[in-house]
Amino acid sequence: MDLAWDVKRWSPEKANSYARHWAVQTFGKEQGDDIGALLEKHYLLAAYGKPEHVFRLEYTVTELEQRLQDYHKLSADAEAIGKKLPERLQDAYNHLVVYPINGCRYMNDYWLLYRRSMLNAAKGDEAAARSDFEQSELARKQLDMIDVSYNGAGAGKWNHIITWKNK
C-alpha cells in the first residue's frame with residue numbers, strides 16, 4: 001500500500017529501492033539493508049522466469065546451471081541472515097522472506113533438475129540422469145515440507161494460506 005499511497009515518492013525510477021526501504025522498516029536498520037538486497041536479487045531472478053512457469057521456459061545448459069547456483073546462494077544467504085534476527089522477528093522473516101526465496105529455489109530445483117535429468121538420459125549418462133531425478137524429487141518433498149512449516153507457524157494462524165501445488 002505504500003507504493004499506492006505515495007506514488008510520487010515511489011516513482012518508476014525509485015521503485016527498485018522500495019524492497020530495501022520496506023526491509024529496513026520491517027526488520028530494522030541492522031539487517032534491513034541486507035534483507036532488501038536479498039529481495040532485490042530474488043525479484044530479479046523471478047523476473048527472468050517465474051517459478052510456476054520455469055518448466056515451460058528454455059534455458060541453455062549454462063543458464064540452467066547458473067540459475068540453480070543463484071537460487072542456492074540466495075537461499076543460503078536468507079538462512080544466514082535469519083540467524084542474526086531476534087526471535088520476535090523470526091515468524092515474519094520466515095513468512096515474508098525465507099518462504100518465498102526457498103519456494104522459488106525448490107521449484108526451480110524441481111523443474112530444472114528434472115529437465116537436466118532428461119537431457120542427461122538423452123546423452124546416455126544414466127548415473128547423472130538418476131542423480132538429477134532424485135534431487136528433483138527431493139526438491140518436491142522440500143516444497144511440501146516448507147508448506148507444512150509455513151501453514152503451521154504462529155500456532156496455526158496461517159493454516160491453509162499457501163501451497164505450492166495448483167488446486
Side chain to side chain contact (heavy atoms under 4.5 Å, CB included) assessment of Y59 paired with R115:
CA-CA 10 Å; Y59 296 104; R115 179 181 299 164; 3.7 Å; yes

Side chain to side chain contact (heavy atoms under 4.5 Å, CB included) between K41 and I101, worked out
CA-CA 10 Å; K41 291 175 193 170; I101 288 172; over 6 Å; no

Give the C-alpha distance, both sets of side-chain angles, the deciding distance and a yes or no for side chain to side chain contact (heavy atoms under 4.5 Å, CB included) between Q25 and H21.
CA-CA 6 Å; Q25 295 290 87; H21 165 79; 3.8 Å; yes

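Here the straight-line distance linking atom CH2 of W111 with atom CD of E52 works out to 12.0 Å at 0.5 Å rounding. The CG atom of L85 lies 12.0 Å from the CG atom of D91; values are rounded to the nearest 0.5 Å.
Heavy atoms of other residues, nucleotides or ligands lying less than 6.0 angstrom from CZ of F55 number more than 12. No more than 12 heavy atoms of other residues, nucleotides or ligands shown are found within 6.0 angstrom of CZ on F133.
Salt bridge status for E30 with K84: absent, with no side-chain N to carboxylate O gap under 4.0 Å. Salt-bridge annotation for E137 and K141: absent, with no side-chain N of the basic residue lying under 4.0 Å from a carboxylate O of the acidic one.
Judged purely by distance below 3.5 Å, without hydrogens or angles, the side chains of Q135 and S131 pair a donor atom with an acceptor atom. Using modelled atom types and a 3.5 Å distance limit, the side chains of E79 and N102 yield a donor-acceptor pair.
Residues R67 and V54 are in side-chain contact: their nearest non-hydrogen atoms beyond the backbone lie under 4.5 Å apart.
Hydrophobic cluster membership differs between V24 and I35, with clusters built from Ile, Leu, Val, Met, Phe, Trp and Tyr side chains linked at under 4.5 angstrom.
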